[in-house]
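This report refers to the structure that appears directly beneath it.
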Amino acid sequence: MGREVSESCIDSLLTEMVSSYCNRFYANKPELAARRIEAIGYQVGHQLSERYTMERPRFSDHLEAIKFICKDFWSELFKKQIDNLKTNHRGTFVLQDNRFRWLARMSLDPTAEEGVPQDPAALAESKAAQAMSMYLYFPCGIIRGALSNLGIPCAVSADISNLPACSFVVRIKA
Amino acid sequence: MIVCVAVVGHQNNPLYIQSFTEADDALKLHHIVHCSLDVVDERVNNPKKSGPTLNETFLGLLYPTENYKVYGYLTNTKVKFILVTTDLDVRDVDVRNFFRRFHAAYVDAVSNPFHVPGKKITSRTFAERVSNIVKSFGLSSTG
């Protein structure tokens, strides 16, 4: 494929992107920051899907496109495939990555919260979870952009209820 | 000799159309490209006729007109490439080769962060690459 990019550069870029949008551009407006980050991911996914589907024949149905995302697309981005794919056969797919690369080096430290009197564990955990969820808008956007370019409009959300595994829920719009 | 190449988006919107001959009316070539879009749609939506090559990107000869041959190529992202040529003896492998290089140039043009998806491709680099590919079309054939 030609040129390569340093992985630590990607990690730093993503960290800085989330930090800029959350703390500087849209400080105190996390929904707007999330939308912007997801839109950036959408454009990236759009362009990447164009490049990675170049050599292959066309997909005959939605399932083949999703399998492409799980195998080839994920391998190009994260050097591994999706570990588990589930579907309800009614347009919802759950892509589970047991060790999502971009979250792998993040530590959740709930004990860092100070001076919180009631229910400190739950409060700290939800704040940390919210902070971490900001980092998931970008990969959700990438998946949404790639699938949209393949002709499958959808909504993508992420679920980090059991780290380090990360699940992406794809809901295809009818 | 190639007279015209075109890139058409998934909503049949023209993204890039370039003719390489001063002789023919540009409008006529645009019209030929436009008609060929119907043939592409018919090929793709008609599985019985296409048979085993249903999911291939290269669609082959779409239809011959009085002076031209029109070839089509449909990518996974539903973008169509149309090639209009006046050559009488065009080798299949040359056309496939052409589309492969054209696809690579298109992917590079679309990866440009300043390119807006759905709008026309305005990159000069893309135009130069395309004219290079067009110039070397068929030249490598040994006859």
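The sequence lines fix the lettering, A, B, ..., with proteins before strands; numbering per chain opens at 1.
Contact detail for A/R58 and B/T75: the closest heavy-atom pair is CD-O, 3.6 Å.
Shown here is A/F168, whose CZ atom has more than 12 heavy atoms of other residues, nucleotides or ligands within 6.0 Å. More than 12 heavy atoms of other residues, nucleotides or ligands shown are found within 6.0 angstrom of CZ on B/R96. Atom NZ of B/K120 is surrounded by 12 or fewer heavy atoms from other residues, nucleotides or ligands within 6.0 Å. Counting non-hydrogen atoms of neighbouring residues, nucleotides and ligands closer than 6.0 angstrom, the NE2 atom of B/H115 exceeds 12 such neighbours. A/N28 CG: 12 or fewer foreign heavy atoms inside a 6.0 Å radius. Shown here is B/H34, whose NE2 atom has no more than 12 heavy atoms of other residues, nucleotides or ligands within 6.0 Å.
With values rounded to the nearest 0.5 angstrom, B/R100 atom CZ is found 8.5 Å from A/M54 atom CE. The NZ atom of B/K78 lies 9.5 Å from the CG atom of A/N149; values are rounded to the nearest 0.5 Å.
With a threshold of 4.5 angstrom between heavy atoms, B/D108 approaches chain A through its backbone and through its side chain. Looking at B/H103, both its backbone and its side chain come within 4.5 Å of chain A, counting heavy atoms on both sides.
Counting heavy-atom pairs closer than 4.5 Å to chain B, the top residue among A/T53, A/V44, A/L48 is A/T53.
A distance-only check finds no donor-acceptor pair linking the side chain of B/N76 to the backbone of A/E50 [under 3.5 Å].
With no hydrogens or angles considered, no side-chain donor-acceptor pair links A/Q47 and B/S111 at under 3.5 Å.
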